[in-house]
Amino acid sequence: VAVAFHAMTYDCPYIIWLSSFYGMSETEDGAYVSFVDANGGYDYTMTPEERDDALDKMYEQINAFVSKNLITSMTDFEIELAAHDWLCERSVYDDAAADSLETGEDEKYVNAWTAYGAIIEGRAVCEGYAHALQLVLNYLGIPCAALRVWSDDEMHMICVVQIDGDWVYIDPTWNDKDACGLEYTHDFFNLNYDEIKVTHQIYEPWQTVKKKGQKLDSNFNIYLPESTSKGHNYYKVMGRQINSQAEFNTVVINQFKALR
């Protein structure tokens, strides 16, 4: 059940009316799954009417982004970059929502874990950021999946994106630097596995976890593609990656010239 539930929520970022938690119950008729908050509270987070209205609002904003920012000649990297920057510009990290898991007030912030929270309400936690980017990129035909990781001593969610046939990692939450007084950066934009694992421990596929005899709760991913390419890193593509002292001088001079 855990694998099926996570597969559904990982693959369908447009499902914004379910909580991130679920419980199992058993009756004489068999077992069934219900969707609840951390304290066993609510079932669905929206009525059917609210859900339809929320989806209409999301796709209206996505289509507006497409009309304003994209042209047919753009590469997948350029589309990904535009979508990432658009998301970071319109959303901030919701500290109150993150803290609500400890205070038991998470029912007040249910949208923060969804693409709707990031795209429409402009406030989200990592799960909302990841699902929002996943929703936009998939809508535009770019394969993107959400991944669970462990970083900075807590559970976290990022994305893995396929660019020109290569899978790379992107963390829109950590790139959004509002709390630091910055708008956003691209420090975690299209890293390969060796690069992302320096700061993020990516959970193994569920099959591996099961073979090890470990409990399948939230400590697994559905699919984990191979990621070795260094060619799509933001700083490399933009000509800002520095590998030597000579390159440092060239890059810095060029960047100062660009500011004139």
Side-chain angles (χ1 to χ4, degrees), residues 2-16 18-22 76-77 80-81 83-84 87-88 91 93 98 101 112-115 117-119 124-176 185-212 214-230 232-234:
V3 174
F5 173 77
H6 286 297
M8 177 185 68
T9 54
Y10 282 25
D11 290 345
C12 306
Y14 50 82
I15 298 180
I16 57 174
L18 297 181
S19 101
S20 297
F21 305 93
Y22 69 94
D76 283 353
F77 174 89
E80 177 199 21
L81 178 60
H84 167 274
L87 174 62
C88 289
S91 189
Y93 188 81
L101 292 176
W113 278 264
T114 69
I119 293 174
V125 296
C126 59
E127 196 164 331
Y129 273 87
H131 283 315
L133 185 60
Q134 178 189 17
L135 178 69
V136 176
L137 293 182
N138 286 345
Y139 183 71
L140 296 172
I142 298 176
C144 177
L147 293 180
R148 287 198 179 276
V149 304
W150 183 263
S151 57
D152 203 19
D153 293 325
E154 61 184 2
M155 190 174 289
H156 186 49
M157 184 172 280
I158 63 174
C159 291
V160 60
V161 184
Q162 190 178 52
I163 301 295
D164 297 333
D166 298 319
W167 287 99
V168 286
Y169 297 97
I170 181 170
D171 188 341
T173 308
W174 279 24
N175 282 341
D176 200 3
T185 69
H186 301 89
D187 295 342
F188 298 92
F189 193 101
N190 289 0
L191 307 185
N192 64 24
Y193 178 76
D194 287 338
E195 293 167 332
I196 196 71
K197 74 177 184 180
V198 174
T199 50
H200 298 64
Q201 177 192 338
I202 300 175
Y203 287 136
E204 295 175 312
W206 70 272
Q207 298 95 328
T208 304
V209 175
K210 186 176 181 180
K211 286 181 180 178
K212 292 180 177 179
Q214 299 174 357
K215 182 180 179 181
L216 291 169
D217 42 33
S218 296
N219 61 335
F220 65 88
N221 283 298
I222 301 300
Y223 174 63
L224 198 60
E226 183 179 5
S227 173
T228 58
S229 174
K230 295 184 177 181
H232 308 291
N233 183 290
Y234 171 85

Margin query: If the condition is ring-ring contact (aromatic ring centres under 6.0 Å, His included), which residues does Tyr93 pass it with, not counting sequence neighbours?
Written below: none

Notebook entry, point to check: Just wondering, do Leu147 and Leu224 contact through their side chains at under 4.5 Å, heavy atoms?
Noted result: yes

Checklist line | Heavy-atom pair with the smallest gap, counting every atom of Asn192 and Ser229 | finding: CB-O, 3.2 Å

Note to self: For residues 149-161, which residue pairs pass the salt bridge (Lys or Arg N to Asp or Glu O under 4.0 Å) check, not counting sequence neighbours?
What the structure shows: none

Check: Listed by chain and number, what are the side-chain hydrogen bond (donor to acceptor under 3.5 Å, both in side chains) partners of Gln214, not counting sequence neighbours?
Finding: none

Next item on the list: Of all the heavy-atom pairs spanning Met157 and Cys126, show the shortest one and how long it is.
Entry: N-SG, 3.5 Å

Next item on the list: Mind checking salt bridge (charged side-chain N to carboxylate O under 4.0 Å, His left out) for Lys197 and listing every partner two or more places apart, or none if nothing turns up?
Entry: Asp194

Margin query: So which atom in Gly117 and which in Ala124 form the shortest heavy-atom distance, rounded to 0.1 Å?
Written below: C-CB, 4.3 Å

Checklist line | Minimum heavy-atom distance between Val209 and Glu204, given as atom pair plus value | finding: CG2-O, 4.0 Å

Check: Rounded to the nearest 0.5 Å, what separation is found between the CG atom of Leu133 and the CD1 atom of Ile119?
Finding: 9.0 Å

Item checked: Approximate separation, where rounding is to 0.5 Å, of Cys159 SG and Leu137 CG -> 7.5 Å

Next item on the list: Working to the nearest 0.5 Å, report the span between NE2 of His84 and CZ of Phe188.
Entry: 11.0 Å

Show which side-chain atoms of residues 160-171 pair as donor or acceptor with protein atoms under 3.5 Å away, not counting sequence neighbours.
unit_1, atom_1, unit_2, atom_2, d
Asp166, OD2, His232, NE2, 2.8
Asp171, OD1, His156, NE2, 3.3
Asp171, OD1, Thr173, N, 3.1
Asp171, OD1, Trp174, N, 3.1
Asp171, OD2, His156, NE2, 2.8
Asp171, OD2, His200, NE2, 2.8

Next item on the list: Enter the distance from Ile222:CD1 to Gln207:CD here, rounded to the nearest 0.5 Å.
Entry: 8.0 Å

Margin query: Which residue in the set Arg148, His131, Gln134 passes side-chain hydrogen bond (donor to acceptor under 3.5 Å, both in side chains) when paired with Tyr10?
Written below: Arg148

Margin query: Using every non-hydrogen atom in the two residues, find where Leu216 and Trp206 come nearest and quote the distance to one decimal.
Written below: CD2-O, 3.8 Å

Next item on the list: Answer yes or no: is there a donor N or O on one side and an acceptor on the other, between the side chain of Thr9 and the main chain of His6, under 3.5 Å?
Entry: yes

Check: Under 30°, 30 to 60°, or over 60°: which ring-plane class applies to Phe77 and Tyr234, parallel, tilted or perpendicular?
Finding: parallel

Note to self: Set out, in order, the CA-CA distance, both residues' side-chain angles and the distance that settles side chain to side chain contact (heavy atoms under 4.5 Å, CB included) for Lys210 and Val3, then state yes or no.
What the structure shows: CA-CA 10 Å; Lys210 186 176 181 180; Val3 174; over 6 Å; no

Notebook entry, point to check: Listed by chain and number, what are the side-chain hydrogen bond (donor to acceptor under 3.5 Å, both in side chains) partners of Tyr203, not counting sequence neighbours?
Noted result: none

Check: Is the backbone of Asp187 close enough, under 3.5 Å, to the side chain of Asn175 for a donor and an acceptor to pair up by distance?
Finding: yes

Next item on the list: With the side chain counted from C-beta on, respond yes when Asn138 and Tyr14 share a heavy-atom pair under 4.5 Å apart, and no when they do not.
Entry: no

Checklist line | Closest contact, heavy atoms only, Ile142 versus Glu80 | finding: CD1-N, 4.4 Å

Notebook entry, point to check: For the atom pair NZ (Lys230) and CG (Leu191), what is the distance rounded to the nearest 0.5 Å?
Noted result: 11.0 Å

